[in-house]
> 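There's a structure below that I have some questions on.
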4 protein chains.
Amino acid sequence: MDNPSYKEIEKKNTPHWKVKVHEIIFEADTKWGKFFDVVLLWAILLSVIAVMLETVESIQVNYGEALFVIEWFFTILFSIEYILRIASVGKPFKYIFSFMGLVDLLSLIPTYLSLIVVGSHYLLVIRTIRLLRIFRILKLTRYVTEANKLKNALKASAVKIVVFIGGVIVLVLILGSVMYIVEGPKNGFTSIPTSMYWTIVTITTVGYGDIAPLTILGQSIASIIMLIGYGIIAVPTGIVTAQMALERNKIKEITTQSCPECSKEGHDLNAKYCKFCSAELNPHHNK
Amino acid sequence: MDNPSYKEIEKKNTPHWKVKVHEIIFEADTKWGKFFDVVLLWAILLSVIAVMLETVESIQVNYGEALFVIEWFFTILFSIEYILRIASVGKPFKYIFSFMGLVDLLSLIPTYLSLIVVGSHYLLVIRTIRLLRIFRILKLTRYVTEANKLKNALKASAVKIVVFIGGVIVLVLILGSVMYIVEGPKNGFTSIPTSMYWTIVTITTVGYGDIAPLTILGQSIASIIMLIGYGIIAVPTGIVTAQMALERNKIKEITTQSCPECSKEGHDLNAKYCKFCSAELNPHHNK
Amino acid sequence: MDNPSYKEIEKKNTPHWKVKVHEIIFEADTKWGKFFDVVLLWAILLSVIAVMLETVESIQVNYGEALFVIEWFFTILFSIEYILRIASVGKPFKYIFSFMGLVDLLSLIPTYLSLIVVGSHYLLVIRTIRLLRIFRILKLTRYVTEANKLKNALKASAVKIVVFIGGVIVLVLILGSVMYIVEGPKNGFTSIPTSMYWTIVTITTVGYGDIAPLTILGQSIASIIMLIGYGIIAVPTGIVTAQMALERNKIKEITTQSCPECSKEGHDLNAKYCKFCSAELNPHHNK
Amino acid sequence: MDNPSYKEIEKKNTPHWKVKVHEIIFEADTKWGKFFDVVLLWAILLSVIAVMLETVESIQVNYGEALFVIEWFFTILFSIEYILRIASVGKPFKYIFSFMGLVDLLSLIPTYLSLIVVGSHYLLVIRTIRLLRIFRILKLTRYVTEANKLKNALKASAVKIVVFIGGVIVLVLILGSVMYIVEGPKNGFTSIPTSMYWTIVTITTVGYGDIAPLTILGQSIASIIMLIGYGIIAVPTGIVTAQMALERNKIKEITTQSCPECSKEGHDLNAKYCKFCSAELNPHHNK
């Protein structure tokens with residue numbers, strides 16, 4: 001995130017206080033930078049807990065005012081922090097529209113919005129995402145790497161998963177309609193959307209039991225839906241697992257170039273000659 | 001699906017309007033073909049949503065007539081489309097009995113059937129399957145490939161999965177009967193079929209809770225059934241995953257021979273020349 | 001199961017009717033043998049369905065007597081079949097104490113037992129296991145092979161799975177007791193066994209909802225139990241999957257012999273010389 | 001756990017009774033040592049069952065006093081055993097602060113504590129952990145090895161799993177708050193903590209049904225939460241499985257070198273001689 005060589009150049013042209021503030025707020029290498037981040041994390045955690053507790057009626061009755069004060073205290077604090085971030089960073093817009101920048105902003109809005117729209121301040125829990133900053137303090141780039149690996153494996157499986165989810169949705173639509181016809185409104189399947197909701201509850205093996213089939217035929221179809229749901233969980237699991245195993249073993253990677261003479265493809269990254277016609281491959285092609 | 005060379009010949013012998021209509025309805029490469037497909041998909045989506053909304057009582061009361069009109073409008077539209085498809089295609093019967101052809105027909109019948117059988121028009125949701133046409137517009141053959149890979153992996157595992165499901169069904173039958181004897185009708189296990197339904201609800205970890213064991217013995221057996229269900233999910237998952245890992249690795253198989261000149265290894269089964277030094281590989285080595 | 005060369009010898013010394021009956025009852029290669037097996041499977045299926053239907057009250061009231069007759073009819077039929085099997089087989093005791101022999105016997109007892117103990121005839125569903133004979137008719141040795149592969153993979157993972165189940169049981173005991181202390185009898189956790197039952201319902205993600213925590217602390221612990229249950233399903237799945245992938249790839253198998261000179265172990269099945277000291281290995285050791 | 005050579009030295013300097021007691025209590029190789037361990041395991045099992053039964057009201061009413069006596073009997077017995085263990089072991093503090101030593105102590109405390117705090121003696125179920133001693137009797141070091149393998153695979157996946165759980169918790173917080181705003185206290189979502197509890201119940205596919213969404217919007221979001229929960233189970237499963245497959249393949253690694261004499265390949269990394277022709281392998285080839 002922080003390119004040091006670029007920063008070196010930047011520092012020469014920026015006032016001292018800006019460099020200092022940037023160092024404290026954006027970095028965690030100096031003593032004060034680390035101290036700031038630790039305090040920030042605790043503040044985020046406390047403010048999120050305060051919002052959560054406010055919704056518990058017995059606590060709201062007794063400590064409502066205190067929680068109200070805490071909420072505004074942290075919101076103003078975070079607002080000041082947000083302004084300082086914009087002021088001290090070299091390219092403010094890049095920060096504002098970065099993922100963390102947007103999260104920082106969204107963590108402030110609900111409180112101000114609550115002056116107009118009642119109840120909106122519960123959205124303050126979005127602040128939780130700010131806790132991701134913890135990775136910077138812990139210097140756990142290892143965690144980031146692992147998160148990236150997970151992301152890669154999921155991204156590589158994305159097309160297969162989209163196909164799978166598409167299939168599940170079509171299944172849910174048809175089975176939901178069938179159950180609506182079979183069980184009908186008198187047994188709790190009041191409409192096709194409700195029936196689809198029940199089908200999702202069943203096929204994902206959640207099974208609330210707020211709606212349950214009562215006819216023999218309905219129970220038979222429900223049994224089949226359950227067995228389908230129980231069985232097809234194997235599919236996304238299989239997709240992701242096979243992908244992850246591949247990520248680990250990535251022994252052979254294939255270059256996309258075709259032989260300059262015989263045009264055949266499928267050469268390995270370390271290949272120097274075409275394995276089909278022995279022509280020399282373009283050495284500059286492989287990165 | 002569309003063999004171009006075959007079509008070239010066909011076009012010569014077919015009237016111009018037929019070729020034009022075929023191009024628009026069956027293909028998505030021309031401007032009008034694409035436009036037709038996009039309109040079609042929206043029509044399908046809207047008609048399915050209309051059917052779903054019709055079952056929600058509050059909507060039915062207020063907009064029932066409008067939805068009725070919409071349903072008939074789309075059905076007549078799709079009927080015309082269906083007739084045009086048959087008229088414009090070279091070999092009508094091949095289309096009629098193809099998978100998409102049958103789906104197209106089944107998407108029309110329920111509305112007409114609803115004149116005789118009340119409630120049957122809810123089966124119109126079968127139209128959802130027509131949405132598969134989306135893959136043609138998006139030119140996402142990639143999705144089709146992935147769907148085929150999934151299908152292959154599942155087909156290759158089919159025998160193992162049949163054995164597994166057979167085992168689960170026998171288990172459900174026996175455990176269901178045991179629970180019927182143990183808990184009996186007074187605790188909700190009114191018959192062996194009901195008891196089997198409960199066993200499936202439990203073994204697939206759905207757990208509605210509409211029926212639950214009340215005796216100590218029943219709860220003990222239920223605990224065992226749950227642990228079985230929790231454990232054996234590993235079996236189908238294992239089957240599919242191992243198969244998928246195999247599918248992926250199947251792409252490239254490596255021969256064990258080393259190059260007769262540079263002795264380097266790691267050549268593919270289909271390699272004729274060493275990819276490192278261009279020497280000819282021993283053709284008799286690979287079986 | 002049937003050793004032909006052994007049977008050839010046997011046939012010479014056994015009366016003709018015995019050979020004939022054995023051929024029909026035990027084999028499925030001749031016309032009559034196949035016919036017998038198909039009839040038998042239908043009889044088993046019908047008798048199991050009859051038992052199941054008998055427990056549905058509305059059917060019992062109307063067709064109770066007919067089902068009673070059907071049950072006795074099939075039981076007497078199967079009894080005759082059982083006696084014929086013993087009479088015609090070469091070594092009766094080997095059959096009687098074989099798995100299928102025991103199942104055949106257990107499929108008869110409940111009906112006779114029902115004369116003494118009321119309700120015991122529901123155990124007739126054990127007859128379902130007899131349906132395994134279907135594999136012989138279909139000549140689906142392929143299915144048996146796949147079933148054996150599944151069995152091997154599960155057997156190879158058995159020790160790991162025992163360790164895992166042991167861990168889950170200890171976890172259930174401790175968490176169940178904690179929940180009993182936290183929630184107590186007033187919230188449905190009436191005793192530690194009941195509390196353990198609830199813990200199993202929760203950890204296997206079944207979740208009936210007949211018992212559910214009501215205190216904040218109880219719900220917090222319940223949340224942790226759920227997350228544990230949700231997470232550790234990965235363990236048996238991982239065990240079985242890794243084993244299955246291994247079964248498929250079984251590239252290298254290790255012999256158990258140690259070198260006659262240096263006593264080191266870990267030699268491959270195809271090894272002729274010790275890989276540590278070059279001494280010749282015992283060629284007769286490897287099967 | 002027991003280093004024999006170290007023990008040989010120790011025995012010379014310790015009184016005879018101490019050696020004898022140590023042999024009986026800590027080891028399972030001698031006749032008396034094995035007998036002691038078997039008796040101990042039964043005592044643990046009985047005392048845990050006694051605690052469990054005590055909580056069942058009908059049993060408590062009738063056999064309460066007997067169970068009280070049994071509990072104290074076993075506690076005093078285990079106290080004597082604990083003292084003997086400390087007395088006979090060479091380095092008492094090493095034992096006391098070992099895992100099993102702490103478990104032994106924690107298995108005694110609850111009974112004594114129950115004189116002061118009512119209900120605390122239910123914590124006696126912690127004694128279950130003492131049953132781990134069973135592995136020593138059965139000499140099933142195999143089980144310990146497998147348990148270690150499991151532990152290694154889980155440890156190696158730990159970072160990925162922490163990232164995953166972190167993601168789930170943030171998801172639960174945000175979705176829980178959204179559901180609180182959408183459904184509100186009148187539909188059972190009385191506070192954000194309760195709403196988070198419901199989200200965990202749903203995302204782990206447990207689904208008690210004690211709280212269930214009633215609005216269309218709530219049910220739609222719930223459907224999405226279920227599908228997320230159903231889908232992301234693939235992630236921890238994929239992590240652990242890929243790791244386990246790796247662990248297994250780690251055992252034997254094959255060198256790529258071919259024998260300098262017979263050119264055959266497939267030698268293990270630790271091989272010094274060709275296993276086919278006994279020629280010496282190139283020692284510098286293996287890294």
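Hydrogens, waters and symmetry mates are skipped; everything else that's a heavy atom, side chains included, is used. Throughout, a chain's letter reflects where its sequence line sits, starting with A, and its residues are numbered from 1.
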> Mind listing the closest non-hydrogen atom pair of A:Pro110 and A:Ser107 along with its distance?
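Nearest pair, atom of A:Pro110 first, then A:Ser107: CD-C, 4.1 Å.
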
> Quick check: under 4.5 Å, non-hydrogen atoms only, which of residues 46-55 of chain A neighbour chain D?
A:Val48, A:Val51, A:Met52, A:Thr55

> Between A:Ile225 and A:Met179, what is the shortest heavy-atom contact and its length?
CD1-CG, 4.2 Å

> Atom OH of residue position A:Tyr82 - does it have more than 12 heavy atoms of other residues, nucleotides or ligands inside 6.0 Å?
yes

> Can you tell which of A:Gly229, A:Pro193, A:Ala234 has the highest number of heavy-atom pairs within less than 4.5 Å of chain D?
A:Gly229

> Which atoms form the tightest heavy-atom contact between D:Tyr180 and D:Phe189, and what is the distance?
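Answer, listing the atom of D:Tyr180 first, then D:Phe189: CD1-O, 3.3 Å.
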
> Select one option (side chain, backbone, both, neither) describing which atoms of A:Ile165 are under 4.5 Å from chain D's heavy atoms.
neither

> Is D:Thr190 in contact with chain A via its backbone, its side chain, both, or neither, using a 4.5 Å heavy-atom distance?
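Contact with chain A: backbone only.
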
> Quick one: of D:Val206, D:Thr241, D:Thr202, D:Asp210, who has the most non-hydrogen atom pairs under 4.5 Å with chain A?
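Maximum pair count with chain A is reached by D:Thr202.
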
> Measure from the side-chain N and O atoms of D:Tyr230 to the backbone N and O of A:Ile233, and report whether any donor-acceptor pair falls under 3.5 Å.
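Yes, the answer is positive, given that a donor and an acceptor are paired below the 3.5 Å cut-off.
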
> Hey, are the side chains of D:Ser58 and D:Val56 touching, using non-hydrogen atoms and a 4.5 Å cut-off?
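Answer yes - side chains close enough.
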
> Just so I understand: if I count every heavy-atom pair under 4.5 Å between each of A:Ile200, A:Thr237, A:Val240, A:Thr204 and chain D, which residue has the most?
A:Thr204

> Sort out for me which of D:Gly167, D:Gly176, D:Pro213, D:Gly184 touches chain A most, counting heavy-atom pairs under 4.5 Å.
D:Pro213

> Does any backbone or side-chain atom of D:Ile211 lie under 4.5 Å from a heavy atom of chain A? Answer side chain, backbone, both or neither.
backbone

> I'd like to verify something: which residue of A:Val235, A:Ile59, A:Ile232 has the highest number of heavy-atom pairs under 4.5 Å with chain D?
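With the most close heavy-atom pairs to chain D, the winner is A:Ile232.
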
> For D:Thr215 and D:Gly218, work out which heavy atoms get closest and say how close.
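Scanning both residues, the minimum pair turns out to be OG1-N, 2.9 Å.
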
> Measuring only between side-chain heavy atoms, which start at C-beta, is A:Trp72 closer than 4.5 Å to A:Tyr112?
yes

> Considering non-hydrogen atoms only, spot the tightest contact between D:Trp198 and D:Ala222 and give its length.
CH2-CB, 3.7 Å

> Any side-chain donor paired with an acceptor under 3.5 Å for A:Thr111 and A:Ser114?
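No - no donor-acceptor pair under 3.5 Å links their side chains.
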
